[in-house]
Amino acid sequence: PDTTPPVLVEVTPPEGDVVLAHDETFVWTVQASDENLYELEVDHNIADLPEFSVYASEEDPYGGQGSAFAEAGVTVTYNADAQKWTIDFGKAVTDKIVAKGGITFYLVIKDEAGNQWGSMYDVTDENTFVYHISQLPAPDTTPPVLVEVTPPEGDVVLAHDETFVWTVQASDENLYE
């Protein structure tokens, strides 16, 4: 009988600070190793987001719950050769994670024989992953506004000892030059 628990190989990105582009969603990968890998159970510290499990199935990593994931805007893929789940949390969930300043994940990996790595009842540093997630602001795409040019366009007559002074007034939150 199989008595060997699965092994966590890697999570990406690594724990710590994650800065997302203004239009980027949080994508998390979990790679495990086991001859009979079955399930990745994910708990976290954000109360208004559901806990979930995903499965070692390329055809249905959602375990029949694809509509619930789709409703939340979350997509999951599983690569059987690499034994890797890729979870794209989508815009709505990413926005909630960023609003909270990040997320802490707690993992349990199970195989078909019932062996498991990690525990939700005996959480350790090894199965806890802490992320501080922020997002850059959207770029300013509003062009500056030309407010006034003096003197106005046309003929300008200068006295023999006068210099030409041209004034341009523009408006923009990030006016540079």
Side-chain angles (χ1 to χ4, degrees), residues 1-139 141:
D2 177 4
T3 59
T4 306
V7 174
L8 175 68
V9 175
E10 174 183 45
V11 299
T12 57
E15 281 188 274
D17 294 335
V18 176
V19 179
L20 301 172
H22 75 281
D23 57 352
E24 184 180 9
T25 58
F26 183 59
V27 177
W28 194 48
T29 66
V30 178
Q31 185 176 9
S33 177
D34 190 272
E35 284 187 28
N36 303 299
L37 197 58
Y38 175 66
E39 176 186 3
L40 171 66
E41 182 181 357
V42 181
D43 196 353
H44 52 76
N45 66 330
I46 299 180
D48 61 340
L49 293 176
E51 300 163 0
F52 60 92
S53 286
V54 291
Y55 298 87
S57 167
E58 289 183 332
E59 296 77 33
D60 185 15
Y62 307 102
Q65 300 296 313
S67 60
F69 283 84
E71 189 176 306
V74 176
T75 58
V76 180
T77 57
Y78 178 74
N79 179 313
D81 292 334
Q83 295 190 307
K84 181 189 283 189
W85 289 274
T86 300
I87 304 167
D88 183 334
F89 285 94
K91 181 173 175 19
V93 174
T94 296
D95 287 351
K96 286 182 180 183
I97 293 170
V98 169
K100 295 285 186 183
I103 191 166
T104 300
F105 292 112
Y106 310 96
L107 297 184
V108 174
I109 303 169
K110 299 176 183 175
D111 69 12
E112 291 175 1
N115 302 306
Q116 73 179 41
W117 173 90
S119 168
M120 293 300 174
Y121 306 104
D122 241 346
V123 176
T124 65
D125 288 345
E126 286 75 31
N127 76 324
T128 303
F129 302 88
V130 180
Y131 294 91
H132 307 281
I133 301 175
S134 60
Q135 197 158 34
L136 297 172
T141 58

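Everything numeric in this text was worked out from a predicted model, so none of it was measured.
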Is the shortest heavy-atom distance from the side chain of Val7 to the side chain of Asp34 under 4.5 Å? no
Across all chains, not counting sequence neighbours, the side chain to side chain contact (heavy atoms under 4.5 Å, CB included) partners of Ala70 are none
Can you name the closest pair of heavy atoms from Ser57 and Tyr78 and give their distance? N-CD2, 3.5 Å
Per side chain to side chain contact (heavy atoms under 4.5 Å, CB included), Phe26 is matched among Leu20, Ile87, Val98, Val93 by Leu20
Apply the test side-chain contact (heavy atoms from CB on, under 4.5 Å) to residues Glu35 and Asp2: give CA-CA distance (whole Å), side-chain angles for both, the deciding distance (0.1 Å), then the verdict. CA-CA 9 Å; Glu35 284 187 28; Asp2 177 4; 5.5 Å; no
For Thr124, side-chain hydrogen bond (donor to acceptor under 3.5 Å, both in side chains) partners two or more places apart: Glu126, Asn127
Heavy-atom closest pair, residues Pro6 and Leu37: CB-CD1, 4.1 Å
Results of ring pair (Phe, Tyr, Trp, His ring centres under 6.0 Å) for Phe129 - residues two or more places apart only: none
Donor-acceptor pair, side chain of Asn36 and main chain of Glu112, under 3.5 angstrom: no
Euclidean distance, Asp111 CG relative to Thr4 OG1, rounded to 0.5 Å: 8.0 Å
Scan for salt bridge (charged side-chain N to carboxylate O under 4.0 Å, His left out) pairs involving residues 81-101, sequence neighbours excluded, and state none if there are none. Lys91-Asp95
For residues 66-77, pull every pair meeting side-chain hydrogen bond (donor to acceptor under 3.5 Å, both in side chains), keeping only residues two or more places apart or in separate chains. none
Could you pull out the closest heavy-atom pair between Leu8 and Ile109, with the gap in Å? CD1-CD1, 3.9 Å
For Trp117, the side-chain hydrogen bond (donor to acceptor under 3.5 Å, both in side chains) test, sequence neighbours excluded, returns none
Partners passing side-chain hydrogen bond (donor to acceptor under 3.5 Å, both in side chains) against Thr29 (at least two apart in sequence or in another chain): Thr12
Restricting to pairs with a member in residues 50-61, which pass salt bridge (charged side-chain N to carboxylate O under 4.0 Å, His left out), not counting sequence neighbours? none
Locate the shortest heavy-atom distance separating Thr25 from Gly90; write the atom from each residue and the value. CG2-C, 3.4 Å
Under the rule for side chain to side chain contact (heavy atoms under 4.5 Å, CB included), what residues qualify as partners of Ser53, not counting sequence neighbours? Glu39, Glu41, Tyr55
Which atom of Tyr106 lies closest to which atom of Val123, heavy atoms considered: CD2-CG1, 3.5 Å
Sole residue of Val18, Ile97, Asp17 in side chain to side chain contact (heavy atoms under 4.5 Å, CB included) with Tyr131: Val18
Check whether the ring centres of Phe89 and Phe105 lie less than 6.0 Å apart, and answer yes or no. yes
Can you sort out the partners of Val9 under side chain to side chain contact (heavy atoms under 4.5 Å, CB included), two or more places apart, ordered by chain and number? Gln31, Ser33
Do Val42 and Val30 have side chains that get closer than 4.5 Å, going by heavy atoms? no
What are the two closest heavy atoms between His132 and Val130, and how far apart are they? NE2-CG1, 4.0 Å
So do the side chains of Phe52 and Val74 get within less than 4.5 Å of each other, counting heavy atoms only? no
Ala21: which residues meet the side chain to side chain contact (heavy atoms under 4.5 Å, CB included) condition with it, sequence neighbours left out? Asp23, Glu24
Listed by chain and number, what are the side-chain hydrogen bond (donor to acceptor under 3.5 Å, both in side chains) partners of Asp43, not counting sequence neighbours? none
